[in-house]
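To keep things clear, I will list the structure first and then write my remarks on it.
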Amino acid sequence: MRILTKNTFSLWVKPLLWLQARHFGKVLNPAKLWGRKPVLFWLVALFFGYLDRKKSPIDAVIRSLVCVRVSQLNNCAFCVDANGMKLAERCHSVEKIKALANWQSSEYFSEQEQAVLAYTEAMTITGQHVSDEMLTALAAWYSSDDIVELTALVSFQNLSAKFNTALDVPAQGFCSLPIQPQTSSNSQKNTTQASSDSNKKPLGSLDEK
C-alpha cells in the first residue's frame with residue numbers, strides 16, 4: 001500500500017476491526033487505512049452496512065453484481081477479490097459470475113440484471129452518461145426511491161474502489177474464481193475483448209496471500 005498502516009488504532013476503531021476479523025478471519029486491508037480517520041471509517045461502514053442490509057429493495061445477488069462490476073471497471077484488485085467472494089456466496093452460478101465482465105452478450109443475465117448493469121456502467125465509465133431510457137428500464141422493477149438507493153450503491157462502490165486503487169490496496173485472497181478486472185479505458189468500452197484475453201491472470205485464490 002502507498003500509505004503505511006498504523007500499529008495501533010483508536011478505541012473508536014477497534015470494534016470495527018474486531019467485527020471484520022470475526023467475519024472474514026482477518027482485518028481487511030482498506031480498514032487499516034480508513035482506521036486512520038475514525039469518524040470517516042464509521043461513516044463509511046454505516047453507509048455500506050445500510051446499503052447492503054437484508055431488507056434492501058435491491059436483491060442481494062444484484063447488489064453483489066453491481067459491486068463486482070464497478071470493482072472490475074475501476075481495476076480494484078481488493079474490491080474484486082472481496083466483492084467476488086460475496087457474489088460467490090450469493091450466486092449459485094459459477095458461469096454467471098465468470099461472465100460478468102461480458103454480461104452484454106451472455107445468456108446468464110435476466111432483463112432486470114441487464115438494466116441494472118447498463119445503469120451501473122453508465123455511471124462508472126468515463127465518457128458514458130445515464131439516459132432517460134435507462135431509468136425507464138429500471139422503473140419496470142424499481143420505484144423512484146429504490147432507484148435512488150441503487151444509485152447510492154453504485155456511487156459508494158465507486159468511492160470505495162477509487163480509494164483502494166489510488167492507495168494501491170492489495171487483494172487478500174478471498175476469491176478463487178477468475179473474475180478479472182479491466183485494465184484500461186479501452187477495455188472498459190470493450191468488455192468482451194477484455195474478458196476473453198487469455199493472457200490475464202486470475203486474482204488471488206484462497207490458497208494465496
_Closest heavy-atom pair and its distance - Gln20, Ala31_ = OE1-CB, 3.2 Å
*Within the side chain of Asn29, is there an N or O that forms a donor-acceptor pair under 3.5 Å with the backbone of Val169?*
no
*Ser155 and Asn158: side chain donor to acceptor below 3.5 Å*: no
*asked:* Could you go through Trp141 and Asp146, starting from their C-alpha distance and side-chain angles, then the distance that decides it, and tell me whether this counts as side-chain contact (heavy atoms from CB on, under 4.5 Å)?
replied: CA-CA 9 Å; Trp141 295 280; Asp146 298 341; over 6 Å; no
*Give, for atom CD of Glu121 and atom CD of Gln104, the distance between the pair rounded to the nearest 0.5 Å.*
5.0 Å
_Steps toward side-chain hydrogen bond (donor to acceptor under 3.5 Å, both in side chains) verdict (Ser71, Asn83)_ = CA-CA 8 Å; Ser71 303; Asn83 290 318; 3.1 Å; yes
*asked:* Using a 3.5 Å distance criterion without hydrogens, assess whether the side chain of Thr165 forms a donor-acceptor pair with backbone atoms of Asn74.
replied: yes
*Side chains of Leu16 and Trp34: does their closest heavy-atom pair fall under 4.5 Å?*
no
*Between Leu100 and Phe109, which heavy-atom pair has the shortest distance, and what is it?*
CA-CZ, 3.7 Å
*Step through the shown structure and confirm whether more than 12 heavy atoms of other residues, nucleotides or ligands are within 6.0 Å of CD on Glu95.*
yes
*Kindly compute the distance separating CD1 (Ile58) from CG (Asp52), expressed to the nearest 0.5 Å.*
11.5 Å
_Flag side-chain contact, heavy atom, 4.5 Å: Met1 against Leu167_ = no
*Which distance, rounded to the nearest 0.5 Å, do you find between the NZ of Lys14 and the OG1 of Thr8?*
7.0 Å
*Should the pair Phe174 and Phe78 be assigned to parallel (<30°), tilted (30 to 60°) or perpendicular (>60°) ring geometry?*
perpendicular
*asked:* Using side-chain heavy atoms (C-beta onward) and a distance below 4.5 Å, is Gln112 in contact with Asp59?
replied: no
*Hey, quick one: are Ile3 and Phe41 part of the same hydrophobic cluster, counting side-chain heavy atoms closer than 4.5 Å, chains of contacts allowed?*
yes
*Evaluate side-chain contact (heavy atoms from CB on, under 4.5 Å) for Trp12 paired with Val39, printing each intermediate quantity in order.*
CA-CA 8 Å; Trp12 291 98; Val39 174; over 6 Å; no
_Hydrophobic clustering (ILVMFWY, side-chain heavy atoms < 4.5 Å, transitive) - are Val13 and Phe24 grouped together?_
yes
*Flag this pair as yes if the NZ/CZ of Lys98 is under 6.0 angstrom from the six-membered ring centre of Tyr108 and inside a 45 degree cone about the axis; otherwise no.*
no
*Looking only at heavy atoms, what is the nearest atom pair of Cys175 and Met85, with distance?*
CB-N, 3.8 Å
*How close do Ile97 and Cys91 get, heavy atom to heavy atom, and via which atoms?*
CD1-O, 4.0 Å
*Leu46 reachable from Val44 in the ILVMFWY side-chain graph, under 4.5 Å edges*: yes
*What orientation do Phe47 and Phe156 show, parallel under 30°, tilted 30 to 60°, or perpendicular over 60°?*
perpendicular
_Pairwise distance CG(Leu87) to CZ(Arg63) - rounded to 0.5 angstrom_ = 12.0 Å
*Does the side chain of Leu65 come within less than 4.5 Å of Lys96's, by heavy atoms?*
yes
*Over all atoms of both residues, closest heavy-atom pair of Val68 and Gly84*: CG2-N, 3.7 Å
*Would one find more than 12 heavy atoms of other residues, nucleotides or ligands at under 6.0 Å from atom NZ of Lys37?*
no
_Criterion salt bridge (charged side-chain N to carboxylate O under 4.0 Å, His left out) on Arg69 and Glu113, from CA distance to verdict_ = CA-CA 12 Å; Arg69 189 67 189 121; Glu113 290 168 338; over 6 Å; no
*Gap separating the CE atom of Met123 from the NE2 atom of His129, nearest 0.5 angstrom*: 13.5 Å
*Mind listing the closest non-hydrogen atom pair of Cys67 and Leu153 along with its distance?*
SG-CD1, 4.0 Å
*asked:* Taking Leu40 as the starting point, is it possible to reach Leu11 by hopping between hydrophobic residues whose side chains are less than 4.5 Å apart?
replied: no
*So how far is it from Thr151 OG1 to Tyr119 OH, rounded to the nearest 0.5 Å?*
2.5 Å
_Donor-acceptor pair, distance only, cut-off 3.5 Å: does the side chain of Arg36 make one with the backbone of Leu33?_
no
*Tell me, do Pro57 and Glu149 make a side-chain contact under 4.5 Å, heavy atoms counted?*
yes
